[in-house]
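The block underneath contains the structure these notes are about, expressed in structure tokens.
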Amino acid sequence: MSDEQTTDLRAAAAELHAAGLCVLPIKADGSKGPAVRSWTPFKSERSTPADHDAWFGGGRPGGIAVIYGGVSGAIEMLEFEGLAVREGVLDEVTEVMDASGLGDVWATIRNGWATESPSGGIHYRVRVDGAPVPPNVKLASRLAREEEYTAEERQRVAEKPGTRIVRVLVETRGEGGYGLVEPSGGTVHASGRPYLRIAGGPGTIPTIPADEMAAVRSVCRMFDALPKAETPKSAPKSNRPPLPGGGLRPGEDFEQRASWAEILDGVFRPIRSVGGTTYWGWADGARGPKATTGRDQAADRLYVFTTSSEFQAEVPYTKFGAYALLKHGSDHKAAAAELRRRGFGSEPERRRLTPARPVEAWSDGSAALDPAYEPEEGEAPERHLQAVPSRPELDITNEADGIDGILALMAAGRLPDLYKRSTGPCWVHKDDLGDPVVHQLATDNLRAYLADHVTTYTVKRDAEGVPTEARELLMPKSCGTLLGRKDWPLPPLRGIITSPVVRPDGTLVTAPGYDPATGLFLAPRVPVRRLQPTVTTESLDRAKEIVLGQVLADFPWVAASDRAHFMAALLTPILRPFFHGPTPMTVITATAPGSGKSLLKDLLAHCYGVADTAWPENDTELRKSITTQLYTTGSPVVAFDNLPNGYILRSSVLSALLTGETWGDRILGATGKVTMRNDRVWVATGNGLRTSADNGRRVMWVRLDPDCPNPDQRDGFTVGDLRPWLRGNASTLVAALVTLVRSWLAAGAPRIRTRKGDYSEWATLMAGLLGYLDVHGFNADQGNALDQDDELAEWTAFLEMWDEQLGRDPVPVGKVVAGVPDHVPRLRDGEAPSGKQLGLWLKSRAGRYFGSHKVVRVYDSHKKQNLWRVEVHADRGTGTHEA
């Protein structure tokens, strides 16, 4: 259309709305800003005809714009600035589109809805099909020439020399952006000129597949003329000192002699050359250019615009940099060596390390003898260095390059048995008892490890300038620099497992060593049996017979719940990665010594390994002990063994441990704090153990009562003496436990909804598993918690007697002490509390139920004192509401 087009903004809004577009009013002050208080809501909800009436009625001055993106039906605008049109960029883009197989697509776009802006630019709109519209993006720009500077830009350059003044050539308006459309004119644009429709209209916007639109954007990006920063990997430095005798390095020689067609063969093919610039497309002929060369004849570089190739997008590559990436994974030293073998360069041949025998295979960071080497008769064994072919070689002449090289080896997976966690690189080894231990690397450890896994050397030049390699270990300060990083390109070690476990996706980890899917390291306590592809009914019955009918058959459980809770502890290590959240502590207690507590702990030890630790004297020592176990040991079970007879588990540190998914603490000798996953099964053993009120709900009780004198003299067990049986059959027991879990998983992993506070996820899972195995009684001992909790029992009896003796009217503390003197809770020394002390106790327990009773504070405003009364819950603990 021409500049005689209609200026009726309301009619234009109706046309745009009919085409599914979201319309926005524009101020008439030349700012091109929205004429509404906030246009954010219209990014997600299209404006309505009522809005249009309010905005454009009555012939008000202003302009009109379209909000692009999803709100307008996935519309994107491609804008060529007036500068790009005048300098021929639009024409050149059209030539490249035609030459690269995008001509039809480009013609469709240009013949769709096109608008000429007041500055002479061209706006094209497309509907993107198959992917969301990307946000606004500048596709092509160039540096402004000095004669183009505005007064403000000249001032900026004067104040800050080196400031880049940029002129945009091509950009898009996409998700979250808007653009003015015809018939906006007059004072809407600073020039006073109108927007003119030159092709089509809102009803003829073409629909372009997302991949084709991405190719169109890529072509436009190729006309970006802003200087790009070169990187050492893509464009090695060319200002290195000259070689002795005027020698030429392989990379320098290659840069002069090689052609881009040779380098890019099999990756890209030339599509078209415009001036000195060559456009390249995929070698298989897929449409659209993907790269350019020759944009700057003074420094010919390859620019790749797709993110689907080996090259980093929009980073300049020299010929040598491109060759090194394609043929040697950006290992410039390896690339230079290969080019030298191909006849490039004139550098003197380097004197390499003298081949020698290795000292020994790595075990703990030290060297030893090569087991394959045997000296001839009468020959003394000789130790000397060897560049082992299977080991990577690394030039550490330059410390920074050496550090980069070690990091590259880490990233390439060429440093075996090395992992990372938040505190740095580590390795896993077994202690003298065969238990896995995680060892955090210090400087000396890392240096010793690298000495056995990497042939490091420095290059020195003799008097004639001939480079010579000399074996050299990485410097301690370099190792310290590596360890001082905040991250390392190593596999993350998220935990140690000692038996097969279930991954979060329900599959099984069975292969010893590192499991990339979970970050777990399997160091089996006993040999892992080969498992059958499927679990049959016969194998399930056999597994249940081994676990329930033999191993656990003869323990003197007090109730079915005790056996069920130990089964839960026995199965939890296999299922630990399968669920989130903490697990309660398993407390194994008995009426007398010799009842079988240690045997139950030994079951866990033979199957998984147990980290034994004594119960500390105070909470400070308890925290240190917990941190040590989580940070260094790999045993999935941690046991506080043989607590004093009648001990009460009362500790705020223990309470925090048992309800947290993670544990944070400061490592001894370090300044920083570490956070570790709390993924262990925590066990406590002892006779007559009890808990405080805080920890009563955080434990699962396993009670044993042999009900006989001298219980350690019992005989006639199903498997005979359990410990000898375990030494020969622990592998069978673990296989049976894994079979039970696999059968449950194969049945769909049925769950039984179980509410147990912080442990509900674990309890629901375990209730379903034990229910599937017909092991009854899980979580069925909650009514017996009173028997194991001194405070709960004492206060329950106190409140019940208070209710019986004093009724439910509010009374002062003194009357409580006098009314039920024999039932008032006692101090630790057994003495009755004072009225003041009892008042403090009542305040701290107000509103909390003990059994079915709770104490309630009533303030007497007349006497200015607290009164107290007892309330009884409506269901009286029966679970049913009383009328």
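Keep in mind that the numbers below use all heavy atoms, side chains included, and drop hydrogens, waters and symmetry copies.
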Exercise. Counting only N and O atoms by type, is there a donor-acceptor contact under 3.5 Å from the side chain of Ser47 to the main-chain atoms of Asp51?
Worked result: no
Problem set entry | Salt-bridge contact Lys228-Glu230 (side-chain N to carboxylate O under 4.0 Å) | no
Problem set entry | Candidate pair Leu78 and Val170, rule side chain to side chain contact (heavy atoms under 4.5 Å, CB included), full reasoning | CA-CA 7 Å; Leu78 183 62; Val170 188; 4.0 Å; yes
Problem set entry | Tyr178 vs Val66 side-chain heavy atoms within contact, under 4.5 Å | no
Exercise. Do Ile208 and Asp129 touch side chain to side chain, with heavy atoms closer than 4.5 Å?
Worked result: no
For this session: Step through the shown structure and confirm whether more than 12 heavy atoms of other residues, nucleotides or ligands are within 6.0 Å of NZ on Lys138.
Result: no
Exercise. Would you call the rings of Phe320 and His332 parallel, tilted or perpendicular, where under 30° means parallel and over 60° means perpendicular?
Worked result: tilted
Problem set entry | For Val188 against Gly63, the heavy-atom pair lying closest together | CG2-N, 3.4 Å
Exercise. Is a side-chain N or O of Arg421 found less than 3.5 angstrom from the main chain of Pro492, in a donor-acceptor match?
Worked result: no
Exercise. Sequence neighbours excluded, which residues qualify as ring pair (Phe, Tyr, Trp, His ring centres under 6.0 Å) partners of Trp260?
Worked result: none
For this session: Can you establish whether the number of heavy atoms outside Glu338 located under 6.0 Å from its atom CD is more than 12?
Result: yes
For this session: Without swapping roles, check the side chain of Ser100 against the backbone of Val96 for a donor-acceptor pair under 3.5 Å.
Result: yes
Problem set entry | Between CD1 on residue Ile205 and CE on residue Met77, distance to nearest 0.5 Å | 11.5 Å
Seminar exercise, completed: Smallest heavy-atom separation, Pro316 atom then Ala229 atom, equals CD-O, 3.5 Å
Exercise. Is there a donor-acceptor pair under 3.5 Å between the side chain of Asp300 and the backbone N or O of Gly294?
Worked result: yes
For this session: Report the C-alpha separation of Ile26 and Ile64 in whole Å, then their side-chain angles, then the decisive distance to 0.1 Å, and conclude whether the side chain to side chain contact (heavy atoms under 4.5 Å, CB included) test is met.
Result: CA-CA 5 Å; Ile26 300 299; Ile64 187 168; 5.8 Å; no
Problem set entry | His123 and its side-chain hydrogen bond (donor to acceptor under 3.5 Å, both in side chains) partner, picked from Glu79, Arg197, Glu182 | Glu79
For this session: Start with the C-alpha distance between Arg110 and Thr94, add both sets of side-chain angles, then the distance that settles side chain to side chain donor-acceptor pair (under 3.5 Å), and finish with yes or no.
Result: CA-CA 10 Å; Arg110 297 191 69 184; Thr94 301; 3.1 Å; yes
Exercise. Would you say the side chain of Leu339 lies within less than 4.5 Å of the side chain of Asp253, judging by non-hydrogen atoms?
Worked result: no
Exercise. When the ring centroid of Trp280 is compared with that of Phe305, is the distance short of 6.0 Å?
Worked result: no
Seminar exercise, completed: Here the pair of heavy atoms bringing Val133 nearest to Gly174 is CG1-CA, 3.7 Å
Exercise. How long is the gap from CD on Glu153 to CD on Glu146, to the nearest 0.5 Å?
Worked result: 11.5 Å
Seminar exercise, completed: Heavy-atom nearest pair, Gly176 first then Lys43, reads O-CE, 3.9 Å
Exercise. Is the side chain of Ser72 donor-acceptor paired with the backbone N or O of Tyr68 at a distance under 3.5 Å, no angle test?
Worked result: no
For this session: Show your working on salt bridge (charged side-chain N to carboxylate O under 4.0 Å, His left out) between Asp284 and Arg269 and close with a plain yes or no.
Result: CA-CA 8 Å; Asp284 61 5; Arg269 61 177 179 86; over 6 Å; no
Exercise. Should Ile122 and Ile198 count as side-chain neighbours, where that means a heavy-atom distance under 4.5 Å?
Worked result: yes
For this session: Starting at CG of Asp296, measure out to OG1 of Thr277 and round the result to the nearest 0.5 Å.
Result: 9.5 Å
Problem set entry | Sidechain N-carboxylate O distance under 4.0 Å for Glu159, Arg156 | no
Exercise. Which heavy atom in Val137 sits nearest to a heavy atom in Arg221, and how many Å separate them?
Worked result: CG2-NH2, 4.5 Å
Exercise. Are any non-hydrogen side-chain atoms of Ser308 and Trp282 less than 4.5 angstrom apart?
Worked result: yes
Exercise. Are the aromatic rings of Trp113 and Tyr195 close, with centres under 6.0 Å apart?
Worked result: no
Problem set entry | Pairs flagged by salt bridge (charged side-chain N to carboxylate O under 4.0 Å, His left out) wherever residues 317-336 is involved - sequence neighbours left out | Lys333-Asp395
For this session: Determine, for Tyr317 and Arg301, whether the Lys NZ or Arg CZ falls below 6.0 Å from the six-membered ring centre while staying within 45 degrees of the axis.
Result: no
Exercise. For the atom pair CD (Glu252) and CZ (Phe344), what is the distance rounded to the nearest 0.5 Å?
Worked result: 13.0 Å
Exercise. Going by atom types alone, do Thr278 and Ser273 pair a side-chain donor with an acceptor below 3.5 Å?
Worked result: yes
Exercise. Counting only heavy atoms not in Glu45, do more than 12 fall under 6.0 Å of its CD?
Worked result: no
For this session: With rounding to the nearest 0.5 Å, note down the distance linking CD1 in Ile403 to OG in Ser478.
Result: 4.5 Å
For this session: Take Ile67 and Trp39 through the side chain to side chain contact (heavy atoms under 4.5 Å, CB included) test and state the conclusion after the steps.
Result: CA-CA 9 Å; Ile67 299 178; Trp39 67 285; 3.7 Å; yes
Exercise. So, the side chain of Asn111 versus the backbone of Ala107: is there a donor-acceptor pair under 3.5 Å, distance only?
Worked result: yes
Exercise. Got a donor-acceptor contact below 3.5 angstrom from the Glu95 side chain to the Glu92 backbone?
Worked result: no
For this session: Show the numbers, then the answer: is there a side chain to side chain contact (heavy atoms under 4.5 Å, CB included) between Glu314 and Val304?
Result: CA-CA 5 Å; Glu314 300 188 55; Val304 177; over 6 Å; no
Problem set entry | Under 3.5 Å donor-acceptor, Arg46 side chain and His17 backbone | yes
For this session: Give the minimum heavy-atom separation between Gly70 and Glu175, together with the two atoms involved.
Result: N-OE1, 2.8 Å
Exercise. Are side-chain heavy atoms of Met213 and Val126 found at a separation under 4.5 Å?
Worked result: yes
Exercise. What do you reckon, is CG of Asp104 surrounded by more than 12 foreign heavy atoms closer than 6.0 Å?
Worked result: no
Exercise. How about Val36 and Trp55: do any of their side-chain heavy atoms sit closer than 4.5 Å?
Worked result: yes
Exercise. Please walk me through it: do Arg142 and Glu148 pass salt bridge (charged side-chain N to carboxylate O under 4.0 Å, His left out)?
Worked result: CA-CA 12 Å; Arg142 67 164 172 80; Glu148 296 174 335; 2.7 Å; yes
Exercise. What's the spacing between Leu139 CG and Thr172 OG1 if we round to 0.5 Å?
Worked result: 5.5 Å
For this session: Could you tell me whether the side chain of His189 and the main chain of Ser191 form a donor-acceptor pair under 3.5 Å?
Result: yes
Exercise. Is the closest side-chain donor-acceptor distance between Ser309 and Thr306 under 3.5 Å?
Worked result: no
Exercise. So do the side chains of Val85 and Glu116 get within less than 4.5 Å of each other, counting heavy atoms only?
Worked result: no
Exercise. Charged N to carboxylate O under 4.0 angstrom, Asp487 versus Lys420?
Worked result: yes
Problem set entry | Whether Arg127 side chain and Thr207 backbone form a donor-acceptor pair below 3.5 Å | no
